[in-house]
J.: 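Below: one structure in structure tokens.
Keep in mind the model is a prediction, meaning the values are calculated, not measured.
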Amino acid sequence: MKTLGDLRHCADAPALRKAVLGICADFGTVKRLEILTAEQDGVPQAICFLSLDNPDHELALMRALGLGRFGGEIVFVVNLARALYGEGAVPEWAWAIPPVDAGVNRKRGQTVEQAHDPPDP
């Protein structure tokens, strides 16, 4: 079985999407996968919102990978590996609750940081 540890070498959102879909393939069909990128204390992160085609499949995924649910969706955060971390850097992952305002006033595909940037005058 694949694990969330398989995500530790993902450098960006497209690579992470491919890896998450690979992990989920063992549990069912992905109904929704939204990946938001942000930077926390200089560490690039991806907040992943995931739902599968069947609640029983979601429960099996959550139990197998130790994930939690927030607002009806499976949510977890991945620290992205980037070349700037140097060779052999292994970011850690953990499921987490996203910032309270992560979805407020955010357009689809927009990062949390972009949603909070002031508009141009």
J.: Of Asn79, Val20, Leu16, which meets side-chain contact (heavy atoms from CB on, under 4.5 Å) against Cys10?
T.: Leu16
J.: Which value, rounded to the nearest 0.5 Å, describes the distance between Ile74 atom CD1 and Leu61 atom CG?
T.: 4.5 Å
J.: Can you name the one residue among Val77, Thr37, Val78 that meets side-chain contact (heavy atoms from CB on, under 4.5 Å) with Gln45?
T.: Val77
J.: Which distance, rounded to the nearest 0.5 Å, do you find between the CG of Leu80 and the NE2 of His9?
T.: 13.0 Å
J.: To the nearest 0.5 angstrom, please state how far the CG atom of Leu50 sits from the CZ atom of Phe76.
T.: 6.0 Å
J.: Dump the intermediate steps for side-chain contact (heavy atoms from CB on, under 4.5 Å) on Phe49 and Leu36, then the final yes or no.
T.: CA-CA 8 Å; Phe49 298 87; Leu36 305 174; 3.6 Å; yes
J.: Should Ile23 and Leu65 be marked as a side-chain contact (heavy atoms from CB on, under 4.5 Å) after you check the CA-CA gap, both sets of side-chain angles, and the distance that decides it?
T.: CA-CA 10 Å; Ile23 289 172; Leu65 301 178; 3.6 Å; yes
J.: Sequence neighbours left out, what pairs pass salt bridge (Lys or Arg N to Asp or Glu O under 4.0 Å) with at least one residue falling in residues 44-53?
T.: none
J.: Could you work out, with side chain to side chain contact (heavy atoms under 4.5 Å, CB included) as the rule, every residue matching Leu21, not counting sequence neighbours?
T.: Arg17, Val30, Leu33
J.: Which value, rounded to the nearest 0.5 Å, describes the distance between His57 atom NE2 and Ser51 atom OG?
T.: 13.5 Å
J.: Please find the pair of heavy atoms, one from Gly42 and one from Pro44, that lie closest to each other, and give the distance.
T.: O-CD, 3.6 Å
J.: Measuring from atom CG of Asn54 to atom CZ of Phe27, what distance do you get when rounded to the nearest 0.5 angstrom?
T.: 13.0 Å
J.: Once you round to the nearest 0.5 Å, how far does SG of Cys48 lie from CG of Leu7?
T.: 7.5 Å
J.: Using modelled atom types only, decide if a donor and an acceptor are shared between the side chain of Glu58 and the backbone of Leu52 within a distance under 3.5 Å.
T.: yes
